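These numbers were taken from a predicted model, which means no experiment stands behind them. In what follows, chains carry the letters A, B, and so on, assigned in the order in which the sequence lines appear, proteins first and then strands, with residues in each chain numbered from 1. Heavy atoms only: backbone and side chains are in, while hydrogens, waters and symmetry mates are out.
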Amino acid sequence: MLEISRIRNEKETIIEGLKKRNIDATETLNQILGLDQEWRATKTQLESISAELNSLAKEIGQLFKEGKQAEANTAKTKTSELKDSESKLKERVDELDKEITQLLYTLPNVPNELVQSGRDEKDNETVFEFGQTPEFNFEPLPHWELAKKLNLIDFELGVKVTGAGFPFYRGKGARLQRALIAFFLDEAHNAGYEEFIPPHVVNEASGYGTGQLPDKEGQMYYIGADDLYLIPTAEVPLTNIFRDVILPDDKFSIKLTGYTPCFRREAGSYGKDVRGLNRLHQFDKVEIVRVEHPDNTAAALEEMIEHVKGLLEKLGLQYRILRLCGGDTGFASAMTYDFEVYSAAQDKWLEVSSCSRFDTFQSNRLKLRFKGADKKTQLCHTLNGSALALPRIVAALLENHQTEEGVVIPEVLRKYTGFDSI
RNA sequence: GGAGAGUUGGCAGAGUGGUCGAUUGCGGCGGUCUUGAAAACCGUUGUACCGAGAGGUACCGGGGGUUCGAAUCCCUCACUCUCCGCCA
């Protein structure tokens with residue numbers, strides 16, 4: 001959520017920035033500023049009436065104490081009129097408050113100056129490429145066929161027990177999952193991230209804190225009996241650790257990591273790119289989350305990108321990094337880099353990681369602040385990234401490292417898997 | 001699931017209708033003393049909003065009510081803890 005103070009001061013900059021998302025925010029911003037003006041005027045009125053009432057109440061108390069009943073009762077009658085207008089003004093202030101917040105919720109984050117304007121994924125810029133497209137002297141199989149042939153993943157069993165998008169991993173397939181999770185967590189640990197095992201369900205306040213609610217309500221599995229939500233990513237519990245927190249400014253940088261299963265309803269996304277592991281309702285992911293002083297955000301994002309690059313290179317996967325254009329950048333993000341690995345057998349690029357800086361957009365909702373040397377509180381910056389999401393990594397590993405004899409496990413994973421091929 | 005107790009400032013913990021944004025202790029910050037530190041002593045120490053400023057308003061788990069006046073009384077919701085039951 002954008003800060004109202006920023007809208008007051010930098011309206012034109014925000015309008016320019018949001019154009020990169022193909023959004024003309026002029027009208028919304030004017031509407032907000034209009035309501036804000038009324039809000040402030042009404043609030044000033046309200047507060048002066050409250051002040052008057054407060055002092056009257058004190059006087060009446062004093063009169064009672066002095067035994068001046070009659071005078072006290074006269075004073076009492078004076079208050080009723082004031083109370084009337086107080087409650088009317090209060091009502092209006094609350095109303096305006098709500099309307100402003102409602103409008104603020106509709107505005108996405110302002111893109112960073114590096115972000116290009118653009119409509120969709122076709123306008124994303126490739127900023128880095130690594131590796132060679134693997135060549136095969138046989139017809140490479142897509143991962144869903146390899147998974148079946150090698151008995152690694154059972155999609156039909158998942159359908160039977162739960163439904164589509166909830167596969168069983170089995171045998172070496174299951175052990176490969178566990179190996180990847182351990183590998184990713186160890187790498188994050190070595191890079192200075194503190195490891196967490198967070199809850200896999202969160203309450204409503206946490207959903208609002210990271211912005212899944214109210215905008216993406218339909219994407220989360222909801223447990224009605226207890227009013228809880230299954231997490232769509234570890235970002236939600238990990239970032240909400242800092243909800244309503246004021247940090248001392250010597251605490252930075254804060255670096256967290258956690259593995260969790262992720263649950264996404266993916267409502268409305270059927271029929272496209274959903275084969276095999278490409279899109280699931282439950283998948284595993286290791287997430288990295290950072291809370292930063294605004295001065296260090298750019299460096300932190302660079303560091304996260306280097307970290308993810310390292311992971312992919314150690315796994316021997318060809319990849320590219322895209323800086324998303326305005327239209328493709330997520331609602332809360334100021335700038336996002338997507339990592340895509342090349343899938344040989346599907347002949348397409350699969351998104352395996354997304355690293356974003358949110359600047360104050362999340363922390364404003366979270367009320368995550370720090371107190372600087374000048375004793376002023378200001379909003380922290382948050383960032384997060386996947387390091388990494390498993391399914392498409394598994395898909396790429398199977399497809400790109402396949403031979404006619406089977407699948408070769410990358411060197412770095414072998415101490416975790418206990419086997420070097422499948 | 002049953003019964004009970006609780007939720008107050010960074011923490012601990014007072015406060016049962018007016019002078020309470022809130023006693024006190026600890027912690028934090030500043031100072032005195034000291035070569036330095038500790039101890040002791042003194043001072044200071046919540047957040048947000050409105051206002052050019054003076055100043056004002058709101059917040060004692062959330063929401064509502066009673067009252068001229070609520071941390072304090074009433075209603076309601078949420079959460080936490082203890083005991084019992086069940087249980088990995």
In whole angstrom, give the distance that lies between atom [atom1] of [X] and atom [atom2] of [N].
X        : N     : atom1 : atom2 : answer
A:Gln45  : B:U57 : CD    : P     : 16 Å
A:Leu56  : B:G18 : CG    : P     : 19 Å
A:Asn73  : B:U67 : CG    : P     : 14 Å
A:Leu46  : B:C49 : CG    : C1'   : 12 Å
A:Glu86  : B:A58 : CD    : C1'   : 11 Å
A:Asn203 : B:G62 : CG    : P     : 16 Å
A:Asp227 : B:C77 : CG    : C1'   : 12 Å

Practice task
Give a yes/no on whether any side-chain N or O of A:Lys83 is located under 4.0 angstrom from OP1 or OP2 of B:G69.
Solution key: yes
Exercise for the section: Give a yes/no on whether any side-chain N or O of A:Arg40 is located under 4.0 angstrom from OP1 or OP2 of B:G51. Expected result: yes
Handout entry: Any donor-acceptor N/O pair, A:Arg357 side chain to A:Ala334 backbone, under 3.5 Å
Key = no
Exercise for the section: Using the P atom as the reference point in each nucleotide, state the distance between B:A71 and B:C86 in Å, no decimals. Expected result: 45 Å
Exercise for the section: In whole angstrom, give me the gap between the C1' atoms of B:G61 and B:C79. Expected result: 7 Å
Per [X] side chain, nearest of listed nucleotides [options]:
X        : options             : answer
A:Glu47  : B:G18, B:G51, B:G56 : B:G56
A:Arg369 : B:U47, B:C68, B:C49 : B:U47
A:Thr79  : B:C68, B:U47, B:C50 : B:C68
A:Ala57  : B:G69, B:U47, B:G51 : B:G69

Exercise for the section: Scan A:Phe263, A:Phe155, A:Phe166 and name whichever one has a ring pair (Phe, Tyr, Trp, His ring centres under 6.0 Å) with A:His281. Expected result: A:Phe166
Quick one: label [X] by what it contacts on the DNA or RNA (base, sugar-phosphate, nothing), any heavy atom closer than 4.0 Å.
X        : answer
A:Asn54  : sugar-phosphate
A:Thr377 : sugar-phosphate
A:Ala51  : sugar-phosphate

Problem - side-chain contact (heavy atoms from CB on, under 4.5 Å) between A:Leu368 and A:Thr239, worked out - result: CA-CA 10 Å; A:Leu368 163 55; A:Thr239 310; 5.7 Å; no
